Amino acid sequence: MSTEHAHGSASAEVAARVERRWATIAVLIIVGMALLAAFAGIHRATMPQPRVETTDPSRIHLSGEFVESNLGSVLEANGSVTVRAIGQQYSFTPACIVVPADTPITLRATSADVVHGILIQGTNVNTMLVPGYISEQLMRFTKTGDYLMPCQEFCSFGHEGMWGKVKVIDKTEFADRAKGGGRLSCVGQ
Ligand code: CUA
């Protein structure tokens with residue numbers, strides 16, 4: 001009886017020690033992830049979207065914000081620019097996005113089919129396009145020039161060929177082109 005009791009308390013001790021060890025590891029993992037989130041938010045200025053916006057991927061071509069005539073870049077009354085784009089297997093619409101330099105830009109995009117991603121090389125613009133949800137990301141370019149925009153989520157066989165381009169042009173040139181109204185893009189240029 002006494003040996004059984006001693007054995008029981010020894011294994012309870014082992015269990016308590018193992019439990020403390022795993023609890024410590026779990027706390028360290030949580031602290032590590034909090035530090036990573038703080039680093040990404042403060043140092044790299046990448047924030048999660050403040051709100052969730054939904055859309056119906058089976059109807060985006062028919063009506064609402066993402067109909068074809070509304071895609072592209074538009075100069076807003078306050079001087080900022082809004083870019084609307086769609087990702088679908090295996091291209092972006094518009095395939096070439098034109099924006100002005102030194103201007104606050106809001107990118108609003110969604111997917112018409114499966115999960116895609118938009119990444120603008122050399123910048124911190126990087127967001128997933130999830131069918132049913134609108135991804136919004138703020139961006140600003142200090143230099144003019146061309147940036148590659150590959151799809152960064154595997155979206156099936158044509159994924160490797162899914163590339164877009166962002167053309168950053170001079171602010172006054174953009175304002176000139178925006179005078180006629182409508183939506184701007186650099187497709188075919
Ligand atoms: Cu679209 Cu990968």
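Only this structure's heavy atoms are used, side chains among them; waters, hydrogens and symmetry mates stay out. None of these values were measured; they are calculated from a predicted model.
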Open item on the list: Can you confirm whether the side chains of Glu76 and Thr82 place a donor and an acceptor under 3.5 Å from each other?
Closed with: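 There is such a pair between these side chains.
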Open item on the list: For the residue pair Gln152 / Asn126, report whether a side-chain donor-acceptor contact shorter than 3.5 Å exists.
Closed with: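 Indeed, the side chains of Asn126 and Gln152 share at least one donor-acceptor pair under 3.5 Å.
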Is it the case that one hydrophobic cluster holds both [X] and [Y], taking links as side-chain heavy atoms less than 4.5 Å apart, direct or via other members?
| X | Y | answer |
| --- | --- | --- |
| Val18 | Ile25 | yes |
| Leu107 | Val168 | yes |
| Leu71 | Ile60 | yes |
| Met128 | Leu119 | no |
| Val114 | Val130 | no |

Return the minimal non-hydrogen interatomic distance between [X] and [Y], and the atom names on each side.
| X | Y | value |
| --- | --- | --- |
| Ile86 | Ala112 | CG2-CB, 4.0 Å |
| Phe157 | Glu160 | O-OE1, 3.3 Å |
| Thr106 | Glu136 | CG2-CG, 3.6 Å |
| Leu75 | Val81 | CD1-CG2, 3.8 Å |
| Cys155 | Tyr90 | O-CE2, 3.4 Å |
| Thr144 | Asp170 | CG2-N, 3.7 Å |

Where the side chain of [X] meets the backbone of [Y], is there a donor-acceptor pair that is under 3.5 Å apart?
| X | Y | answer |
| --- | --- | --- |
| Gln88 | Ser91 | yes |
| Asp113 | Gln89 | yes |
| Arg177 | Ser185 | yes |
| Ser135 | Thr110 | no |
| Thr55 | Tyr133 | no |
| His116 | Ser111 | no |
| Thr123 | Gln121 | no |

Does any non-hydrogen side-chain atom of [Y] lie less than 4.5 Å from one of [X]?
| X | Y | result |
| --- | --- | --- |
| Leu62 | Val67 | no |
| Val83 | Ile105 | yes |
| His61 | Glu68 | no |
| Ile97 | Val99 | yes |
| Met139 | Ile120 | yes |
| Trp163 | Cys151 | no |

Open item on the list: For the aromatic rings, using the six-membered ring if either is Trp, is the centroid distance between Tyr147 and Phe141 under 6.0 Å?
Closed with: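 Centroid separation for Tyr147 and Phe141: below 6.0 Å.
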Rounded at 0.5 Å granularity, tell me how far [atom1] in [X] sits from [atom2] in [Y].
| X | Y | atom1 | atom2 | value |
| --- | --- | --- | --- | --- |
| Arg183 | Ser73 | CZ | OG | 9.5 Å |
| Leu138 | Ser80 | CG | OG | 9.5 Å |
| Arg108 | Phe66 | CZ | CZ | 5.5 Å |

- [ ] Determine, stepwise, if the pair Arg84 / Val74 fulfils side chain to side chain contact (heavy atoms under 4.5 Å, CB included).
- [x] CA-CA 9 Å; Arg84 292 186 179 83; Val74 61; 4.0 Å; yes
TODO: Using the salt bridge (Lys or Arg N to Asp or Glu O under 4.0 Å) rule, take Asp146 and Lys167 through it: C-alpha gap first, then chi angles, then the decisive distance, then the call.
DONE: CA-CA 5 Å; Asp146 289 2; Lys167 206 177 188 55; 3.3 Å; yes
